[in-house]
Amino acid sequence: MDLQQLFDRLLASYGPRHWWPAQTPFEMALGAFLTQNTAWTNVERAIDALRAADALTPAGIAALADGRLEALIRPAGYFNQKADRIRRFVAHLQQRHGGSLERLLAGEPAALRVELLALKGVGPETADSILLYAGGHPSFVVDAYTRRLGERIGFLDGTEGYETVRQYFMQRLPAAAPLFNEYHALIVEHAKVRCRKRAPLCADCPLRRDCRYGKSQS
DNA sequence: GCCCAGGTGGGTA
DNA sequence: TACCCACATGGG
């Protein structure tokens with residue numbers, strides 16, 4: 001089973017995921033910071049609070065009084081760290097791109113990725129998420145779910161670095177943002193409904209015939 | 001009470 | 001490079 005066949009099976013099983021769940025690129029980027037090692041349900045509470053405070057824009061974030069951002073995003077966890085990271089991100093947009101994420105994202109993808117990775121709190125997954133889901137650039141997103149699936153199917157062994165896994169996908173798939181978008185979203189959906197860390201639901205998993213974990217469990 | 005959740009940065013050897 | 005740890009809330 002190659003990566004295109006894996007994609008086809010996931011899509012047939014779960015259908016289009018319509019990612020990223022956000023109304024604007026900036027809201028999407030905030031979600032990328034907030035979801036770092038955090039369940040999305042908690043991120044939604046934080047996003048809802050930011051929306052109610054009219055703080056889903058760079059200017060809205062910048063206008064918040066001291067401590068207000070921390071209070072609003074508290075449900076998403078790591079709120080002190082994340083508030084600092086979001087403020088730095090907003091400051092970068094204001095200083096370099098006229099306060100507009102869209103202007104930043106209009107740049108050349110490879111240079112953009114370097115620029116994003118230089119920011120505090122923007123690691124490879126956050127950078128690729130922003131590039132792909134906010135910018136529409138074909139940069140494959142790797143996360144814990146991608147690694148878990150790769151290990152269970154057998155094309156990863158768990159020791160590969162982020163960039164190695166990213167290149168594994170990008171070298172085997174056409175560089176198309178819609179494909180990368182749907183692929184990552186489907187991997188997350190699969191992990192949430194089937195491929196759990198400790199409680200795998202392998203009995204009627206669409207990938208069970210190709211899954212090492214499923215075989216060892218059944 | 002425990003484990004888990006769409007990571008990242010800083011420190012150490 | 002490879003580990004270790006802090007960061008923090010909320011659900012199962």
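Throughout, protein chains are lettered first and strands after them, A, B, ... in sequence-line order, and every chain is numbered starting at 1. Note: hydrogens, waters and symmetry copies are ignored here, and every other heavy atom, side chains too, is used.
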Classify the nucleic acid contact of A/V122 as base, sugar-phosphate or nothing, counting any heavy atom under 4.0 Å across all strands shown.
-> sugar-phosphate
Position toward the 5' end of DNA chain C (nearest nucleotide), A/T159 or A/R45 = A/T159
Spacing of A/R88 atom CZ relative to B/dT8 atom P, expressed in whole Å = 16 Å
Taking only side-chain nitrogens and oxygens of A/T41, does any of them come within less than 4.0 Å of OP1 or OP2 of B/dA5?
-> no
A/D84 CG to B/dG10 C1', in whole Å, measures 14 Å
Which of these nucleotides, C/dT9, B/dG10, B/dT8, is closest to any side-chain atom of A/R74?
-> C/dT9
Lys/Arg N to Asp/Glu carboxylate O, A/R51 vs A/E44, below 4.0 Å = no
From CH2 of A/W40 across to P of C/dA8 the rounded distance in Å is 19 Å
Interatomic distance, A/M28 atom CE to A/L56 atom CG [nearest 0.5 angstrom] = 13.0 Å
Describe the nucleic acid contact of A/I73 in one word from base, sugar-phosphate, nothing, applying a heavy-atom distance below 4.0 Å.
-> nothing
Test A/T126 against A/L119 for side chain to side chain contact (heavy atoms under 4.5 Å, CB included), laying out the working first.
-> CA-CA 11 Å; A/T126 305; A/L119 299 173; over 6 Å; no
Out of A/N42, A/V43, A/T38, which one pairs with A/W40 under the side-chain contact (heavy atoms from CB on, under 4.5 Å) rule?
-> A/V43
Using whole Å, report how far CZ of A/R196 lies from P of B/dA5.
-> 8 Å
Send over the distance from A/N42 CG to C/dA8 C1', rounded to a whole Å.
-> 10 Å
May I have the distance from A/E125 (atom CD) to B/dG9 (atom P), rounded to whole angstrom?
-> 12 Å
May I ask you to say whether A/K192 pairs ionically with A/E189, meaning some side-chain N is under 4.0 Å from a carboxylate O?
-> no
Heavy atoms under 4.0 Å, any strand shown: does A/A144 hit a base, just sugar-phosphate, or nothing?
-> sugar-phosphate
State which of B/dA5, C/dG10, C/dA8 makes the closest approach to the side chain of A/K197.
-> B/dA5
Side-chain N,O (A/N80) to OP1/OP2 (C/dA8) below 4.0 Å = yes
Side chain of A/K120 only, please: which of C/dG10, C/dA8, B/dG10 is the nearest?
-> B/dG10
Between A/H184 and the options A/F169, A/F7, A/F140, A/W19, the ring pair (Phe, Tyr, Trp, His ring centres under 6.0 Å) test singles out A/W19
How would you label the contact of A/D143 with the nucleic acid (heavy atoms, under 4.0 Å): base, sugar-phosphate, or nothing?
-> sugar-phosphate
Rounded to whole angstrom, note down the P distance from B/dT8 over to C/dG10.
-> 22 Å
Just checking A/R148: base, sugar-phosphate only, or nothing, at a heavy-atom cut-off of under 4.0 Å?
-> sugar-phosphate
Could you check how far CD of A/E189 sits from C1' of B/dA5, rounded to whole Å?
-> 15 Å
Look through every strand shown and name the nucleotide pairing with C/dC7 as Watson-Crick or G-U wobble, where both distances are under 3.5 Å.
-> B/dG7
A/K82 has an atom NZ; how far is it from atom C1' of B/dA5, in whole Å?
-> 10 Å
Return the nearest nucleotide to the side chain of A/A39; candidates are C/dT9, B/dG10, B/dA5.
-> B/dA5
